[in-house]
Structure formats: C-alpha cells, structure tokens
There are 2 protein chains.
Amino acid sequence: MELSERKKAILQAIIEDYIQTAEPVGSRNIAKNHDLGLSAATIRNEMADLEEMGYLDKPHTSAGRIPSEMGYRFYVDSLMHRYSLTMEEIASLQSSMDRKYSQLENVVSEISDIISKATNYPAIVELPMAQTSRLRSVKMMLIEQGSVLIVVVTDAGVVRNRHMKVSGDIDYEVIDSISEFLSGQLTGLCADDFTPARLMLIYEAMASYGDFLKTVIEFVLECLTNGQRRVYVGGASNILKNPEFENIDRAREFLSFIDSRENVSQMLSLLGNGEDAPISIKIGSENAVPEMRDTSLVVANYSVGGKLHGKIGIIGPKRMNYARVISSLELINSNLTEILGRMIYGKDE
Amino acid sequence: MELSERKKAILQAIIEDYIQTAEPVGSRNIAKNHDLGLSAATIRNEMADLEEMGYLDKPHTSAGRIPSEMGYRFYVDSLMHRYSLTMEEIASLQSSMDRKYSQLENVVSEISDIISKATNYPAIVELPMAQTSRLRSVKMMLIEQGSVLIVVVTDAGVVRNRHMKVSGDIDYEVIDSISEFLSGQLTGLCADDFTPARLMLIYEAMASYGDFLKTVIEFVLECLTNGQRRVYVGGASNILKNPEFENIDRAREFLSFIDSRENVSQMLSLLGNGEDAPISIKIGSENAVPEMRDTSLVVANYSVGGKLHGKIGIIGPKRMNYARVISSLELINSNLTEILGRMIYGKDE
DNA sequence: GTTAGCACTCAACGAAAGTGAGTGCTAACA
DNA sequence: TGTTAGCACTCACTTTCGTTGAGTGCTAAC
C-alpha cells in the first residue's frame with residue numbers, strides 16, 4: 001500500500017524530530033512544531049495507521065512513537081533531502097586533510113580521526129587493497145654483511161619490504177645479479193602465474209641460492225595475495241555521546257565488538273564491493289552482525305587509479321543524521337582518493 | 001613513622017581484598033578471612049591509625065576502608081609479592097605470539113591486542129624508534145616511466161619508502177648513478193650532519209637534478225629525525241569491565257582521552273625514557289594527566305639491538321592486580337624484543 | 001474527514017521507611 | 001597496657017508507594 005502524502009509528511013516530521021531529540025515524539029509536538037495544518041488528534045490517527053503499517057514503534061503505551069527500522073529505511077530511500085555542507089564545514093574538512101602524508105598507515109589512521117571528528121560518530125577506514133596485483137618490481141639491497149632487504153612493488157603501487165638473513169659470503173654483486181635475474185623472471189606475473197613448473201626453472205637456473213630464492217619468492221607471493229584486509233577505527237568513544245548508549249552494557253557490547261579489527265573487517269566484507277551503489281547503508285538488523293543490531297552503518301567505497309579499493313564509513317545509532325553523514329563521507333572520500341593517488345603513484349595531477 | 005609489622009599485614013590484607021572485590025573492606029571481613037589472630041575490634045583500631053597516617057580512605061562513615069594512593073604506592077613498593085605466571089598462562093602467551101609477522105605496524109597492533117587479552121586491561125604499545133639514527137642506505141628505483149621509488153634504511157633498521165614523480169626523460173641508468181652518488185655522499189650521516197655547506201656541494205655536483213635531489217634529501221632527513229612517536233591502543237573497551245567505570249561519564253572521559261593517539265603518546269613521553277627502572281608505575285594522580293587521575297599506568301621499556309626503543313604498558317583502575325600485570329608485561333616484553341630483533345635485523349639468534 | 005474532550009496508561013520522579021554493613025567508643029578482661 | 005565484647009550510631013542502598021505528566025485511544029460533535 002502506498003503512503004499518502006500526508007502520512008509521508010507526518011512520518012518525516014516524526015523521524016526528523018526523533019533524530020534531533022532522541023525522545024519518543026508525540027502527536028501534540030508534531031502538531032505544534034510542524035506546520036501541517038492538522039490537529040494533534042488527526043495526527044494521532046495517522047500515527048496509529050503508520051504504526052500498524054510497520055513504520056513506527058511504540059516503546060510503551062503512554063509514550064510517543066519512534067521510527068521502526070522500516071521507517072528509517074523508507075526515510076533514507078524516499079523522504080530524506082540531500083544535505084549541503086556549509087562553507088565552514090567544507091573549509092574545515094579541507095584544511096584538516098590538507099597536509100603532507102608520508103606513510104599509508106598514517107593516512108588511513110588520520111582519515112579515520114578526521115571522519116569521526118566531522119561526524120561525531122566512530123569511523124572506519126580500510127587500507128586500500130588491490131583485487132589482483134601483478135608484480136611491477138622486486139629488488140634486493142645488501143644492507144650490511146649478512147643482511148639483505150627485499151623490496152616489492154606491485155602494479156597497484158603497494159610497496160612492502162622485509163629483511164632477510166643471508167650467509168655472510170654473498171656480496172654486493174651477487175645480490176645485484178640475483179636481483180636482476182629474479183626481476184626479469186617474475187615482473188608482470190600475478191599470484192596465479194607462480195606455477196610449480198615455472199618455479200622449478202628458476203630454482204634450477206640458480207640452484208646454489210635455493211633457500212635464498214625461496215624466501216624471496218614466498219615474500220613476493222605474500223605481497224601479491226596480500227592477506228586479510230586491515231582497518232582502522234577512529235573515535236570509537238564518540239558512540240558514548242549518544243543517549244542510546246548511556247546504558248553501560250550496550251556501550252560495552254558495542255565497544256568490545258569494535259575494538260577488534262577482525263570483527264570490523266569482517267563486517268565490512270559482508271557489504272560486498274559496492275558495485276551497485278557508491279554508498280551503502282545498513283540500518284539496525286539489516287546488518288547481519290548481531291552486536292550491531294542497534295546501530296546503523298554508512299559506508300562509501302573508494303578506489304584509487306582503478307586498481308586499489310577500500311571502504312570508509314561510520315557507525316552510529318539508527319537515529320542518525322543520515323543526510324549529513326552521507327555528504328561528509330562523500331567529500332572526505334574524494335579528498336582521500338586524491339591524497340592516495342598522489343602518494344602511491346607520486347602523481348601531482 | 002615506620003609501620004609496625006601488624007599494620008603492614010593489615011594494610012596488605014585490605015588492599016588485596018579490595019583489589020579482588022572492588023568493595024570497601026570492613027574490619028570484620030579482615031578478621032574472618034585472614035588468619036591474623038586478631039579480633040575485628042583490634043583491626044578497627046589499627047585501621048583508624050592507618051587512615052590517620054594516610055594509607056587508607058573512607059568513602060563515608062558507615063562503609064569499610066579503601067586504599068589511598070599512598071596506600072597503593074606503599075603496597076607496590078614494599079608489600080607486593082612477585083606473581084609467577086602459571087604454566088598455562090605462559091604457554092598461552094607464548095603461543096599467541098608465536099607466529100610470523102611481516103610489517104612493523106602489524107606486530108605492534110597485534111602485541112597490543114595480546115597484552116590487553118592477557119591482562120584484561122587496555123594496552124598501549126609504542127612503535128620502536130631510534131634516538132639518533134644514521135643513514136645506512138638510500139636507494140632509488142625506477143618503477144615506471146616518470147615514477148621513482150626512494151627507499152631509505154637507517155642504522156636502527158627502520159625502512160621507509162616514498163614515491164616521487166620525475167620528468168619522463170630520466171632513465172634507468174641516470175637514476176642508478178644518482179642513487180649511487182647520493183649513497184656515497186650520505187651514508188653514515190645523522191640528521192645533524194646535513195649542514196648547508198655539505199648540501200651545497202651535493203647540489204653543485206649534480207646541478208641538473210636539483211629538484212630531484214632536494215626531494216630525496218628531504219625524505220632522508222625526515223626518516224632520520226622521524227617525527228612524532230606513534231602508539232597503538234588495544235582493548236580500550238576492557239576498561240568497562242571494571243566496576244569503577246560503570247559510571248558512564250567516567251567511561252566517556254577515559255575512552256575519549258585514550259581514543260586520541262596524541263594524548264596517549266604525550267602521556268608516555270612524560271614518563272621519561274626509563275633508564276632508572278625497567279618498569280614504571282604511575283598510580284592515580286602521580287600521573288600528571290588529569291583524565292587519568294582514577295587510573296594507574298604500568299609501563300615497561302623495551303629496546304631492540306640497543307638502538308631502537310619503545311614502551312609497552314597497560315592502563316587500569318588504581319585497584320589493579322599490579323603483580324600479575326607486571327609479570328605479564330615482562331614476559332611479553334622479552335618476546336617482543338626477540339620478534340623485533342628477528343624482523344628488523346633479519347637475525348635468527 | 002476533522003477535531004475537542006475525556007478516561008486511561010505508565011514511566012519517571014521523589015519522599016518516606018526499612019535494612020544492614022560498618023564504625024567509634026566504652027568498659028571489662030588478661 | 002594491649003585486646004576484645006558490646007552497643008549506639010551513621011549512612012548508603014533498597015523498597016514501597018503515591019504523585020505527576022506526557023501521551024494515547026476512543027467517542028461524540030462539528
């Protein structure tokens with residue numbers, strides 16, 4: 001059944017009041033504060049309908065109504081207006097992101113702080129990752145006698161390195177020649193190309209350095225497959241600013257869930273890779289994670305150079321200023337893309 | 001005034017009971033549960049003395065006593081017995097740390113999780129840093145036309161890299177020769193050695209690549225001076241397990257403080273560099289940070305290869321099992337040192 | 001279809017009384 | 001002189017119970 005325009009207006013008024021006050025809203029208040037030209041009694045009737053249809057809930061008989069998850073969903077999909085950030089908000093965001101970043105981990109952790117400061121909710125930022133990487137470069141450097149540094153660069157721009165112990169009699173030139181040989185053999189390959197046959201050839205060609213090569217190749221493979229996704233959470237304690245988390249048990253449940261990176265990372269992976277929509281919103285139990293049943297999750301996907309992907313988002317109470325959060329995430333998202341582009345590919349656009 | 005043996009025994013009993021129960025302890029309970037051979041009335045008299053001397057506090061007239069900060073301090077300095085971890089505890093710690101780590105950031109964040117799981121308190125781990133580093137190696141790699149990767153290794157074993165854009169006409173061999181030249185000029189220097197005179201010489205020798213060199217040298221300097229300390233916090237929500245943080249305002253104050261890496265890092269820097277004692281303990285307001293006045297901080301210093309230093313520690317309520325925390329930190333500390341040694345210097349011991 | 005009126009519901013607040021763990025003091029005891 | 005039993009007193013905490021007030025649902029009139 002379609003909602004009448006009047007019902008929509010009332011539903012919207014209720015939700016927006018509730019988002020602001022966190023108090024169940026009563027018919028009288030709607031009649032007074034919103035110019036709907038209706039009396040409290042009429043609104044009461046409509047509210048009863050809306051409740052019956054599932055858009056509203058009642059905490060108890062003598063309280064006002066609060067939006068149900070279905071109500072929020074309808075609001076987000078059909079009623080909500082876009083929020084335009086003010087000039088001040090934009091300026092403040094821009095300036096907080098306008099600085100030099102040196103390491104990927106720093107960017108990601110700082111962005112999560114920025115998001116949580118901007119929205120007043122806990123923020124999540126995923127480290128960018130490639131779906132399938134190819135090896136762009138592998139190089140070994142002799143750091144000191146007996147110690148070699150392996151540096152791997154993938155075509156997504158990810159750089160990783162690892163120290164390795166070698167027997168003392170390998171010198172600078174040997175390292176260089178192995179380095180060059182391996183580079184020639186492996187550059188351009190992705191993880192699937194590391195077939196036993198191909199590896200066998202390499203080992204045979206350089207039989208005297210078998211152990212050495214094995215370590216290097218394992219590390220290269222590790223970089224190409226790249227383990228689990230990593231996330232940063234910023235401003236987790238912001239959740240305590242919301243009255244729905246005055247209850248210490250709820251707060252504890254939420255915070256101990258979010259304290260674990262694995263939990264958060266797994267939750268994000270349930271969202272899919274966002275090919276359908278740039279921003280995905282999970283309201284309450286739409287999110288399959290039971291600990292999150294009282295919260296909403298708003299997540300945007302970013303991608304850098306078409307190769308690297310990741311997610312940024314926030315978690316807040318279901319009663320959340322969705323419009324504002326979405327606008328902030330969009331702006332931060334585009335800045336982040338730019339920063340990462342500059343950083344990883346060294347481009348100045 | 002010296003405390004009599006009997007007063008010490010009573011003080012110890014009170015503190016240990018309070019650590020366990022978090023309830024003010026009364027004279028009757030001490031008489032019953034601890035075999036001191038004294039009646040409640042006698043203990044009452046002694047408790048009155050201890051209170052007058054400042055070792056105990058009274059929340060209100062009709063409650064039992066709780067230790068004052070001075071009481072805890074005396075306990076930690078003079079009364080506390082060493083706690084021996086059980087075989088199970090040791091085995092479980094060892095096994096949770098016994099895996100391969102690839103990146104420094106991963107080690108540090110995982111260690112913070114391990115500490116917080118082992119102690120049930122929020123844990124802090126600082127990234128290892130060198131006090132003064134010398135450059136061990138700088139190398140440039142041409143990744144693709146127009147994009148160069150700079151890799152810097154310091155004598156402390158820290159490796160960092162950064163992408164840099166270059167004009168397209170610089171090829172592989174040019175990069176290599178600049179790389180070799182710079183390496184020869186800069187290897188072995190520390191930040192203070194980068195005098196204007198020396199830099200001038202370098203710029204003059206390679207005048208045609210001025211901008212290029214400038215970027216590289218700036219990055220090297222950045223690596224040698226190395227910015228601010230970075231910390232990881234794990235298991236922050238553990239603090240909510242303690243009854244003293246049932247109060248939502250206290251919880252909020254604590255968690256929002258600890259949510260900020262700068263706050264935590266600054267707090268650690270107030271501790272000095274631990275040359276005096278391997279473990280430092282700050283009880284309540286001994287810690288100058290006002291938000292931490294209700295908590296205690298236990299911090300151990302670690303060092304790797306004599307070059308890299310850092311701190312690990314926990315924050316808990318003043319009513320904390322100090323002995324157990326200290327033993328756990330010591331064990332984790334030694335494992336961490338070993339892991340980092342292997343990782344950074346590629347040594348297998 | 002809309003609205004005024006009214007009885008009804010129920011969480012929240014607050015005062016009052018009861019409960020009990022614990023103290024401090026006194027007087028008797030070893 | 002140090003220790004202990006006894007007892008009056010204190011005070012947070014809990015429970016009870018009435019009050020308040022925001023809000024609903026229903027009915028009847030407009």
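Order of the sequence lines sets the chain letters (A, B, ...), proteins ahead of strands, with each chain counted from 1. Being a predicted model, the structure only gives us computed values, none of them experimental.
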Choose from [options] the nucleotide whose nearest atom is closest to any side-chain atom of [X].
{"X": "Arg44(A)", "options": "dC26(D), dT4(D), dG6(D)", "answer": "dC26(D)"}
{"X": "Asn45(A)", "options": "dT3(C), dG5(C), dC11(D)", "answer": "dT3(C)"}
{"X": "Ser27(B)", "options": "dG25(D), dT23(C), dT10(D)", "answer": "dT23(C)"}

Side chain Arg28(A) and base dG23(D) donor-acceptor under 3.5 Å: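 Looking at the base of dG23(D), it does not pair with any donor or acceptor on the side chain of Arg28(A) (distance under 3.5 Å).
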State plainly whether the residues Glu291(A) and Arg252(A) are in salt-bridge range, i.e. N to O under 4.0 Å.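 Salt bridge flag = no for Arg252(A) with Glu291(A).
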Does dC30(D) pair with anything, Watson-Crick or G-U wobble, both distances under 3.5 Å, and if so, with which nucleotide?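 Matched dC30(D) with dG1(C) under the 3.5 Å cut-off.
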Applying the Watson-Crick and G-U wobble criteria at under 3.5 Å, what pairs with dA7(C)? Answer none if nothing qualifies. dT24(D)
Quick one: is [N] close enough that its OP1 or OP2 comes under 4.0 Å of any side-chain N or O from [X]?
{"X": "Lys58(A)", "N": "dG25(D)", "value": "yes"}
{"X": "Thr42(B)", "N": "dT4(D)", "value": "yes"}
{"X": "Arg6(B)", "N": "dT3(D)", "value": "yes"}
{"X": "Lys32(B)", "N": "dG22(C)", "value": "no"}

Which residue, His60(B) or Ala41(B), contacts DNA chain D at a nucleotide closer to its 5' end, judged by nearest heavy atom? Ala41(B)
For Glu46(B) and for Ala63(A), find the nucleotide of DNA chain D with the closest heavy atom, then tell me which residue's nucleotide is more 5'. Glu46(B)
Checking Leu297(A) against Met292(A) for the side chain to side chain contact (heavy atoms under 4.5 Å, CB included) test, could you report, in this order, the C-alpha distance in whole Å, the side-chain angles of both residues, the deciding distance, and whether it holds? CA-CA 9 Å; Leu297(A) 180 64; Met292(A) 296 291 108; over 6 Å; no
What's the verdict on side chain to side chain contact (heavy atoms under 4.5 Å, CB included) for Arg73(B) and Glu286(B), showing C-alpha distance, side-chain angles and the deciding distance? CA-CA 10 Å; Arg73(B) 171 51 63 194; Glu286(B) 292 177 5; 2.5 Å; yes
Just the rounded figure in Å: distance from P of dT9(C) to CZ of Arg65(A).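 It works out to 16 Å between those atoms.
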With heavy atoms under 4.0 Å as the rule, sort Thr61(A) into base, sugar-phosphate or nothing.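 Sugar-phosphate: the residue Thr61(A), judged by heavy atoms under 4.0 Å, touches backbone atoms but no base.
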